Peer 1: 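Here it is: the structure, laid out below.
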Amino acid sequence: FAQKDVFQLKDLEKIAPKEKGITSMSVKEILQSLVDDGMVDTDRIGTSNYFWAFPSKALHARKRKLEELESQFAESSQKKEALQKHIEKSKIGREDSAERAALLKELSALQQKKEQLKTEIDKYRECDPDVVEEMRQTNQVAKEAANRWTDNIFSIKSWAKRKFGFEESRIDKGFGIPEDLDYID
C-alpha cells in the first residue's frame with residue numbers, strides 16, 4: 001500500500017526484510033497467504049509473476065462488504081417486523097378465556113380418543129381383508145421362490161451325479177441337503 005507499485009517476488013524478498021523486518025525465507029509464504037485472502041493481487045505476464053495491492057481496492061472491498069451487510073440487516077429487520085405483525089395477528093382470538101380453555105380441553109380429549117382408536121384398529125389389522133390378501137400374495141411368491149430353488153438344487157444334484165458319478169446320498173451329506181427335501185405344495 002505504501003509504495004503503490006507492482007513488484008516481482010525477488011524484489012519483495014529484498015525489500016521486505018529491510019522495511020518490514022520479515023525474514024526473506026518466509027516472504028513467499030506470507031505473500032501466498034495474502035494472495036489467498038484476496039489482499040494482494042497477482043498475475044503472470046510472460047515468464048514473470050507480478051504482485052500488487054492498492055489502497056483503493058481494499059477501500060472498495062470494504063465498502064462493498066459494508067453495503068452487503070447493511071442490505072442484509074435491512075432485510076432481516078423487515079423480516080422481524082413482518083414476523084412481529086404475524087404474531088400480533090395470530091394472538092387475536094387466542095386470548096385466554098373460559099370458552100377457549102374448554103375448547104382446548106375438548107381438543108386434547110378428542111386427540112387422546114383418536115390415539116386409542118388407532119391402537120384398537122392396529123390390533124385388528126391382521127383381520128383386514130386387504131392385509132390378508134397381501135399376505136396370501138406374498139406367501140404365493142415365497143412358495144414359488146422356494147420351489148424354484150428346490151428345482152435348482154435337484155438340477156445341480158443331477159448334474160453332479162452325471163459329471164462326477166457321486167451317489168445322491170453322498171451329495172446330500174456333503175452339502176447338508178436334508179433327505180426329505182421336496183417341492184412345497
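Here the structure is a predicted model, which means the values were calculated and not measured.
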Peer 1: Roughly how far apart are Leu66 CG and Glu70 CD, rounded to 0.5 Å?
Peer 2: 4.0 Å
Peer 1: Atom CD of residue position Gln72 - does it have more than 12 heavy atoms of other residues, nucleotides or ligands inside 6.0 Å?
Peer 2: yes
Peer 1: Nearest 0.5 Å, please: how far is CD in Glu81 from NZ in Lys85?
Peer 2: 6.5 Å
Peer 1: Kindly determine whether Gln116 and Glu120 satisfy side chain to side chain contact (heavy atoms under 4.5 Å, CB included), including the steps that lead there.
Peer 2: CA-CA 6 Å; Gln116 288 173 349; Glu120 193 171 331; over 6 Å; no
Peer 1: How long is the gap from CD on Glu99 to CG on Leu104, to the nearest 0.5 Å?
Peer 2: 10.5 Å
Peer 1: When you group the ILVMFWY residues by side-chain heavy-atom contacts below 4.5 Å and let the links chain together, are Leu181 and Ile156 in the same group?
Peer 2: no
Peer 1: For residues 169-179, tabulate all N or O donor-acceptor pairs below 3.5 Å that involve a side-chain atom, not counting sequence neighbours.
Peer 2:
from: Asp172; atom 1: OD1; to: Lys157; atom 2: NZ; distance (Å): 2.8
from: Asp172; atom 1: OD2; to: Lys157; atom 2: NZ; distance (Å): 3.4

Peer 1: Which one of Ser77, Ser71, Ser76 satisfies the side-chain contact (heavy atoms from CB on, under 4.5 Å) criterion with Phe73?
Peer 2: Ser77
Peer 1: Are side-chain heavy atoms of Pro129 and Glu133 found at a separation under 4.5 Å?
Peer 2: no
Peer 1: Could you state the interatomic distance from CD (Glu29) to OG (Ser33), rounded to the nearest 0.5 Å?
Peer 2: 8.5 Å
Peer 1: For Asp151, what residues pass the side-chain hydrogen bond (donor to acceptor under 3.5 Å, both in side chains) criterion, not counting sequence neighbours?
Peer 2: Tyr183
Peer 1: Distance from Leu107 atom CG to Lys114 atom NZ, nearest 0.5 Å?
Peer 2: 10.0 Å
Peer 1: Take Gln140 and Glu144 through the test side chain to side chain contact (heavy atoms under 4.5 Å, CB included) and record every step on the way to the result.
Peer 2: CA-CA 6 Å; Gln140 184 63 31; Glu144 290 171 3; 3.3 Å; yes
Peer 1: Please enumerate all residues that pass ring pair (Phe, Tyr, Trp, His ring centres under 6.0 Å) together with Trp159, with sequence neighbours excluded.
Peer 2: Phe164
Peer 1: How many angstroms lie between CD in Glu134 and CG in Asn139, if you round to the nearest 0.5 Å?
Peer 2: 10.5 Å
